[in-house]
Amino acid sequence: MNFYKKVMMLIFVGVMAFAFSACGDQAITETPEETMTQVLTNLEQVKSMKSNITTQSDMTTAGSNSNTSTETQVAAIYNPLNMKIESKSSNNNTVVTYVEETDGIATTYMEYAGQWMKQSSEPDIILESLRMYDTKQNAILFLKNATNWQETDGDDTFSVFQGTLPASVLYEVVEDTKSLQMMGMAGLTKEYYAGVTDATITVSVHKQTHTLMDYTVDLSNTLETLMSNVVSTFSNSEEEAALAKTTVNEYRLIVKCSDVNETKKIEIPKETLDSAVDFERQIESSVIVETPKGENGEDLAVE
């Protein structure tokens with residue numbers, strides 16, 4: 001009997017070892033699609049984050065080359081909405097924007113020509129107007145629409161995946177994320193996207209937490225096609241269109257994420273709060289209303 005028990009114990013130990021080995025293999029062989037699904041789930045639960053957004057462009061028009069970049073630092077807390085957006089262009093011009101929600105109303109503060117202006121609305125409306133800086137929602141949209149994920153690189157800490165943004169989804173994705181707003185190419189209708197080809201997205205993911213570390217979207221072909229279609233539409237001849245043709249050597253959107261769910265509240269400087277002028281009231285006060293005149297030049301009552 002003791003011999004029988006020993007044999008059964010050895011068999012049990014062997015089965016358990018095989019089971020644990022299988023579990024280990026399953027974790028190692030997690031598919032890229034499964035990884036990205038978990039990353040998306042984690043993204044949707046993000047309450048705050050910081051991001052560094054860089055747009056890099058390199059274009060050639062009529063033999064003349066233009067190389068520009070814009071870097072934007074964003075700190076965002078999503079509920080209640082609280083943001084700081086600091087954007088610096090390649091010519092060192094800096095624009096700072098603050099957003100703060102109080103009692104369900106969000107107010108945006110932006111400096112314009114040396115004067116701080118403010119405008120208030122519902123948080124969703126404000127956030128939509130700043131959509132190109134909403135890393136959370138933009139990343140969700142990119143990842144949801146990307147296909148054919150492949151692991152391409154990594155180390156013990158992170159994995160790198162590359163996916164495809166099919167041409168069929170680029171109109172919705174690019175317009176909704178405002179990815180080309182820096183190039184003046186936001187708000188185009190769908191027909192201008194005729195002829196675009198698939199774009200690529202590269203994503204770095206933290207292995208242990210399945211959180212998004214950074215992503216890069218290559219929209220070089222998309223931008224070139226849009227610019228070509230716009231020029232063709234408004235040119236008077238093929239020769240004129242050819243002269244204005246732009247080759248986009250590079251257009252990439254690079255986003256690095258940090259301080260996920262650990263971002264501290266952004267305090268708006270007191271001088272900004274004190275000096276800010278209400279944008280809508282400023283417009284209203286600048287409108288000159290002429291009083292209607294009668295036949296003899298007298299003022300007429302306005303109901």
Do K207 side-chain atoms and D155 backbone N/O form a donor-acceptor pair below 3.5 Å?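 Yes, the answer is positive, given that a donor and an acceptor are paired below the 3.5 Å cut-off.
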Kindly say whether T197 contributes a backbone atom to a donor-acceptor pair with the side chain of N221 at under 3.5 angstrom?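 Looks like yes, one N/O pair under 3.5 Å.
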Going by side chain to side chain donor-acceptor pair (under 3.5 Å), E71 matches just one of T94, N52, T55. Which one?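 With E71 as partner, T94, N52, T55 yield a single side chain to side chain donor-acceptor pair (under 3.5 Å), made by N52.
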Going by side chain to side chain donor-acceptor pair (under 3.5 Å), Q38 matches just one of N42, T41, T35. Which one?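 By the side chain to side chain donor-acceptor pair (under 3.5 Å) criterion, Q38 pairs with just one of N42, T41, T35: N42.
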Who passes side chain to side chain donor-acceptor pair (under 3.5 Å) against [X], sequence neighbours left out?
| X | value |
| --- | --- |
| S228 | none |
| T61 | T246 |
| S87 | T72 |
| D156 | none |

Less than 4.0 Å between a side-chain N and a carboxylate O, is that true for K84 and E100?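 Judged by the 4.0 Å cut-off on N to carboxylate O distance, E100 and K84 do not form a salt bridge.
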Any ion pair linking K47 and E262 (charged N to carboxylate O, less than 4.0 Å)?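 No, this pair does not count.
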Could you tell me which non-hydrogen atom of [X] sits nearest to which non-hydrogen atom of [Y], and how far apart they are?
| X | Y | value |
| --- | --- | --- |
| V99 | A106 | CG1-CB, 4.3 Å |
| K50 | T263 | N-OG1, 3.6 Å |
| D198 | A167 | OD1-N, 2.8 Å |
| N145 | P166 | O-CD, 3.5 Å |
| E191 | N229 | O-ND2, 4.4 Å |
| A199 | D218 | CB-O, 3.4 Å |

Given salt bridge (Lys or Arg N to Asp or Glu O under 4.0 Å), test D214 with K256 step by step and report yes or no. CA-CA 4 Å; D214 60 66; K256 297 181 179 180; over 6 Å; no
I268: hydrophobic cluster co-members (side-chain, 4.5 Å):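 Its cluster partners, ordered by chain and number, are V96, Y98, Y109, W116, I266, L273.
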Give me the other members of the hydrophobic cluster that I125 sits in, counting Ile, Leu, Val, Met, Phe, Trp and Tyr linked by side-chain heavy atoms under 4.5 Å, directly or via other members.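 Result for I125 is none, singleton.
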Report the residues that fulfil salt bridge (charged side-chain N to carboxylate O under 4.0 Å, His left out) with E33, sequence neighbours left out, ordered by chain and then residue number.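 E33 satisfies salt bridge (charged side-chain N to carboxylate O under 4.0 Å, His left out) with no residue once adjacent residues are dropped.
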Which residues pass the side chain to side chain contact (heavy atoms under 4.5 Å, CB included) test with [X], sequence neighbours left out?
| X | result |
| --- | --- |
| K264 | none |
| S69 | Q56, S90 |
| T37 | none |

Among pairs that include at least one residue of residues 225-237, which meet salt bridge (Lys or Arg N to Asp or Glu O under 4.0 Å), considering only residues two or more places apart or in two chains?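 As it turns out, there is no salt bridge (Lys or Arg N to Asp or Glu O under 4.0 Å) pair with a partner in residues 225-237 once direct neighbours are skipped.
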Could you check whether any side-chain heavy atom of L130 comes within less than 4.5 Å of a side-chain heavy atom of I85, counting everything from C-beta outward?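 Yes, their side chains come closer than 4.5 Å.
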Pairs in or reaching into residues 197-231: which pass ring-ring contact (aromatic ring centres under 6.0 Å, His included), with residues at least two apart or in two chains?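 Qualifying pairs: F142-Y215.
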CD1-OG1 distance between I254 and T54, expressed to the nearest 0.5 angstrom: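 It comes to 5.5 Å.
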Whether K136 engages the ring of Y78 as a cation-pi pair (distance to the six-membered ring centre under 6.0 angstrom, angle to the ring normal within 45°) should be assessed.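 Ring-cation test returns yes.
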